[in-house]
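Encoded as structure tokens, the structure appears first; notes follow it.
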Amino acid sequence: MYDYIDGKLAFKGAAHVVIDAGGVGYHINISLNTYSQIPEGERCKLFVWLHVKEDAHTLYGFATEGERRLFMHLISISGIGPNTGRMMLSSITPAEIQAAIVQGNVAVIQRIKGIGPKSAQRVILELQDKLRKEGPDTLTVMPGLKTAKDEALSALVMLGFVRNVAEKVLEQEISKNSGVLTVEQLIKSALKSL
């Protein structure tokens with residue numbers, strides 16, 4: 001429902017912030033990782049996810065789109081809810097979580113409070129292939145201005161293609177056509193080759 005909330009930082013705490021956007025104060029739960037990345041000052045922008053339950057609507061905020069994407073992967077696993085996902089992102093950095101999952105390092109995941117050996121194995125089993133497919137740069141901040149190739153690659157990965165394979169096909173298509181293709185043309189020609 002919401003993608004991000006940008007406004008005046010009314011309150012900053014280790015577990016939550018309050019952002020005043022358009023005269024409405026949004027109470028947003030955050031991880032320690034996000035807390036450390038929120039700059040001191042008046043303005044604050046957080047990527048958010050709204051958790052809806054029968055008795056509450058709760059906002060969770062993230063400093064980066066990559067952290068939110070990893071959070072969404074984590075809570076997709078049976079037995080891991082939003083609070084456990086937030087605890088995981090507070091215990092170790094998103095990059096460390098992603099590396100541990102991709103490398104199958106159960107010990108690192110198990111060090112997180114509230115995650116036992118079975119949960120750690122389930123996290124790795126269910127997310128290892130997804131995170132490998134997305135590639136190592138899934139947590140990096142996306143630049144504001146993307147090239148046609150970047151947008152086409154992002155679309156192909158979202159469609160389920162492996163990042164490095166899609167990237168090679170896109171490079172071939174660009175070299176065949178002297179680099180003068182729109183995003184749509186790139187995607188259509190790449191889909192024929194994939």
Side-chain angles (χ1 to χ4, degrees), residues 1-102 108-116 119-120 122-123 126-127 130-131 134-146 150-151 153-155 157-158 183:
M1 182 174 179
Y2 302 110
D3 189 48
Y4 65 85
I5 295 179
D6 185 0
K8 180 182 175 194
L9 185 61
F11 172 80
K12 178 183 174 185
H16 78 278
V17 295
V18 176
I19 297 178
D20 180 347
V24 178
Y26 293 93
H27 181 282
I28 305 171
N29 294 302
I30 58 171
S31 67
L32 288 175
N33 178 65
T34 293
Y35 174 78
S36 66
Q37 294 183 48
I38 295 175
E40 293 299 327
E42 290 206 7
R43 268 219 63 92
C44 181
K45 176 181 178 181
L46 291 179
F47 295 93
V48 293
W49 176 72
L50 177 64
H51 182 225
V52 178
K53 295 190 305 186
E54 284 182 20
D55 58 345
H57 290 204
T58 310
L59 282 170
Y60 291 86
F62 310 93
T64 65
E65 175 64 40
E67 183 183 6
R68 178 173 63 180
R69 200 170 22 250
L70 181 59
F71 175 81
M72 297 304 292
H73 281 310
L74 292 171
I75 65 170
S76 71
I77 296 168
S78 175
I80 296 183
N83 285 325
T84 304
R86 183 170 67 146
M87 174 64 73
M88 293 175 79
L89 293 169
S90 294
S91 300
I92 57 179
T93 67
E96 290 171 328
I97 293 173
Q98 183 178 18
I101 292 170
V102 169
V108 171
I109 303 295
Q110 196 175 330
R111 276 194 336 233
I112 300 168
K113 184 180 182 231
I115 302 293
S119 293
R122 191 169 48 239
V123 166
E126 292 188 29
L127 295 181
K130 286 180 186 176
L131 293 180
E134 287 183 5
D137 59 347
T138 187
L139 295 177
T140 59
V141 178
M142 298 294 181
L145 298 172
K146 291 185 180 182
D150 291 338
E151 289 192 30
L153 179 60
S154 177
V157 169
M158 292 293 254
V183 175

Test Ser76 against Lys130 for side chain to side chain contact (heavy atoms under 4.5 Å, CB included), laying out the working first. CA-CA 12 Å; Ser76 71; Lys130 286 180 186 176; 4.2 Å; yes
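- If you take CE on Met87 and CG on Leu74, they are separated by 13.5 Å, rounding to the nearest 0.5 Å.
- The OG atom of Ser31 sits 10.0 Å away from atom CG of Leu70, with the distance rounded to the nearest 0.5 Å.
- The shortest side-chain heavy-atom distance between Ile38 and Ile30 falls under the 4.5 Å cut-off.
- Using a distance-only test at 3.5 Å, with no hydrogens or angles considered, no donor-acceptor pair links the side chain of Gln37 to the main chain of Thr34.
- From Glu151, atom CD reaches atom CG of Leu153 across 11.0 Å, with rounding to the nearest 0.5 Å.
- His57 has its side chain out of reach of His51: every pair of non-hydrogen atoms, C-beta onward, lies at least 4.5 Å apart.
- The side-chain heavy atoms of Pro94 and Leu89, taken from C-beta on, include a pair separated by under 4.5 Å.
- Applying the salt bridge (Lys or Arg N to Asp or Glu O under 4.0 Å) definition to pairs two or more places apart or across chains, those involving residues 23-41 are Lys12-Glu40.
- With Arg122 contributing its side chain and Ile77 its backbone, the two residues share no donor-acceptor pair below 3.5 Å.
- Between Pro82 and Trp49 there is a side-chain heavy-atom pair separated by less than 4.5 Å.
- Note: Gln98 CD to Leu131 CG = 5.0 Å, rounded to the nearest 0.5 Å.
- Remark: aromatic rings of Phe11 and His16 are close, center separation under 6.0 Å.
- Using a 4.5 Å heavy-atom threshold, the side chains of Arg69 and Phe71 count as separate.
- Checking each of Leu46, Ile28, Leu59 against Tyr2 for a side-chain contact (heavy atoms from CB on, under 4.5 Å) leaves exactly one that passes, namely Leu59.
- Side-chain contact between Leu50 and Thr58: absent, with no pair of heavy atoms (C-beta onward) separated by less than 4.5 Å.
- For the pair Gly23 and Asp20, the tightest heavy-atom approach, listed with the atom from each and the gap, is N-OD1, 3.1 Å.
- Rounding to the nearest 0.5 Å places OG1 of Thr64 at 5.0 Å from CD of Glu67.
- The CG atom of Asn33 lies 10.5 Å from the CZ atom of Phe62; values are rounded to the nearest 0.5 Å.
- Closest non-hydrogen pair, Asp6 versus Cys44, comes out as OD1-O, 3.1 Å.
- The two residues Leu32 and Ser90 have their closest heavy-atom pair at N-OG, 2.9 Å.
- Formation of a donor-acceptor pair under 3.5 Å by the Arg68 side chain with backbone atoms of Val48 is found in this model.
- A donor-acceptor pair is defined here as one N or O able to donate and one able to accept, closer than 3.5 Å; no such pair exists between the side chain of Ser154 and the backbone of Asp150.
- Within the 4.5 Å cutoff, side-chain heavy atoms of Asn29 are placed close to those of Arg86.
- No donor-acceptor pair under 3.5 Å is formed between the side chain of Arg111 and the backbone N or O of Ser91.
- Looking only at side-chain heavy atoms (C-beta outward), Ile19 and Lys8 stay at 4.5 Å or farther from each other.
- Here the shortest heavy-atom pairing between Leu9 and Pro39 reads CD2-O, 4.3 Å.
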Side chain to side chain contact (heavy atoms under 4.5 Å, CB included) between Val123 and Ile115, intermediate numbers included: CA-CA 10 Å; Val123 166; Ile115 302 293; 5.5 Å; no
